[in-house]
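Some notes on the structure that comes next.
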Amino acid sequence: MYKTGKSIVLLLFLLSCQNTPAHHPDTRAQVNEARGLVKQFAGTLKPMLVEHLKKDGPTGAIRVCREAAPRIARELSERSGWIVKRVSHRARNKDTAVPDAWETKVLQKFLALREKGADADTLEYHEMIRLADGTEEFRYMKAQKTLKLCLTCHGKNVSPDVLQSLNTLYPEDAARGFELGDVRGAFSLTFKPDDGPKRDSN
Ligand code: HEC
């Protein structure tokens, strides 16, 4: 009896060790920074999109997604030292938005959680990755939820004029047919602590 108790304690101890993520000292700061960058990205793009949808209609607003989104990503990257992008398991822009192996794995996690009923807005993931050359890379992803406004260009009933524009600009478009609440894609951010300015040197 006593012996069983002891092994249960040991087992619990081992399990708790396993469940404790190996926290890099900078991880919390980097998660906060990544969240801030995502807020800036979404907080700049979405109002622009809403404004142009109202002013120019959806075909005009396609330009915002096509030109403003990569520009905002580039500006944020230059300013912060992070690589900031958007990716999707069903990419519209095959040149910029096709996920790499790590991003694919995280998107699959998001999709599985969404399937179980999670709100896509709450899904985020981060990991410090040790690369083959011994350096580390911090990676962060946050899912992008399909809202009503997104359906105009990513939904099941896209109007003929929008479809025509999309077909011309993105002949291999896979970003249609989404439903409200679906994971549309994700913001994906990478930071290489070894390259960037020294943070929290403790
Ligand atoms: C006016 C049409 C339009 C609306 C509305 C729209 N998008 Fe897009 N979206 C696009 C276009 C066009 C692209 C491709 C941009 C490019 O070439 O980089 C795109 C690309 C994306 C991407 C990048 C990945 C990929 O597939 O290329 C994500 C993520 C995305 N949209 C999410 C959303 C979400 C979330 C909403 C709603 C908040 C939304 N979009 C609303 C037209 C639209």
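These figures come from a predicted structure and were not determined experimentally.
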Are Arg176 and Tyr170 close enough, and set up right, to give a side chain to side chain donor-acceptor pair (under 3.5 Å), and what steps lead you there? CA-CA 11 Å; Arg176 299 176 198 171; Tyr170 306 96; over 6 Å; no
Evaluate the side chain to side chain contact (heavy atoms under 4.5 Å, CB included) criterion for residues Asn167 and Asp173: first the C-alpha distance (whole Å), next the side-chain angles of each, then the deciding distance (0.1 Å), finally the verdict. CA-CA 7 Å; Asn167 286 340; Asp173 187 11; 5.9 Å; no
Note: [X]-[Y] ion pair, threshold 4.0 Å (strictly below):
| X | Y | result |
| --- | --- | --- |
| Glu51 | Lys55 | yes |
| Asp100 | Arg139 | yes |
| Glu127 | Lys105 | yes |
| Lys192 | Glu136 | no |
| Glu172 | Arg92 | no |

Considering all heavy atoms of both residues, which atom of [X] and which atom of [Y] are nearest to each other, and what is their separation?
| X | Y | answer |
| --- | --- | --- |
| Leu189 | Trp82 | CB-CE3, 3.7 Å |
| Arg184 | Arg90 | NH1-O, 3.4 Å |
| Asp161 | Thr59 | O-CG2, 3.6 Å |
| Pro47 | Ala42 | CD-O, 3.8 Å |
| Ala175 | His154 | O-ND1, 2.9 Å |
| Ser80 | Leu76 | OG-O, 2.7 Å |

Kindly work out whether a path of hydrophobic side-chain contacts (I/L/V/M/F/W/Y, heavy atoms less than 4.5 Å apart) joins Phe41 to Val64. yes
Connected via hydrophobic side-chain network under 4.5 Å: Val158 and Val50: no
Check each of Glu103, Lys85, Arg86 against Ser188 using the side chain to side chain donor-acceptor pair (under 3.5 Å) test, and report the only one that passes.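 Only one of Glu103, Lys85, Arg86 forms a side chain to side chain donor-acceptor pair (under 3.5 Å) with Ser188, namely Glu103.
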Find out whether [X] and [Y] are in side-chain contact, i.e. whether some heavy atom of one side chain is under 4.5 Å from a heavy atom of the other.
| X | Y | answer |
| --- | --- | --- |
| Pro70 | Thr96 | no |
| Lys142 | His126 | no |
| Phe187 | Val84 | no |

With rounding to the nearest 0.5 angstrom, report the [atom1] to [atom2] distance, [X] to [Y].
| X | Y | atom1 | atom2 | result |
| --- | --- | --- | --- | --- |
| Arg63 | Met48 | CZ | CE | 10.5 Å |
| Leu169 | Cys65 | CG | SG | 11.5 Å |
| Ile62 | Thr152 | CD1 | OG1 | 10.0 Å |
| Asp182 | Gln144 | CG | CD | 13.0 Å |

With a cut-off of 6.0 Å (strictly less than), are more than 12 heavy atoms of other residues, nucleotides or ligands near CG of Asn157?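 Open: at most 12 neighbouring heavy atoms sit under 6.0 Å from CG of Asn157.
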Between the side chain of Thr168 and the main-chain N/O of Gln164, is any donor-acceptor distance below 3.5 Å?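 Looks like yes, one N/O pair under 3.5 Å.
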So, does Asn32 use its side chain to make a donor-acceptor pair with the main chain of Ala29 at under 3.5 Å?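 No; zero donor-acceptor contacts below 3.5 Å.
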Take Gln30 and Tyr140 through the test side chain to side chain donor-acceptor pair (under 3.5 Å) and record every step on the way to the result. CA-CA 9 Å; Gln30 287 172 340; Tyr140 171 91; over 6 Å; no
Got a sec, which hydrophobics cluster with Leu107, joining ILVMFWY side chains under 4.5 Å apart, including via others?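 Leu107 shares its hydrophobic cluster with Val87, Trp102, Val106, Phe110, Leu111, Leu113, Leu123, Tyr125, Ile129, Leu131, Met141, Val183.
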So Leu149 and Lys46, side chain to side chain contact (heavy atoms under 4.5 Å, CB included) or not? Walk me through it. CA-CA 10 Å; Leu149 115 103; Lys46 201 167 143 213; 3.8 Å; yes
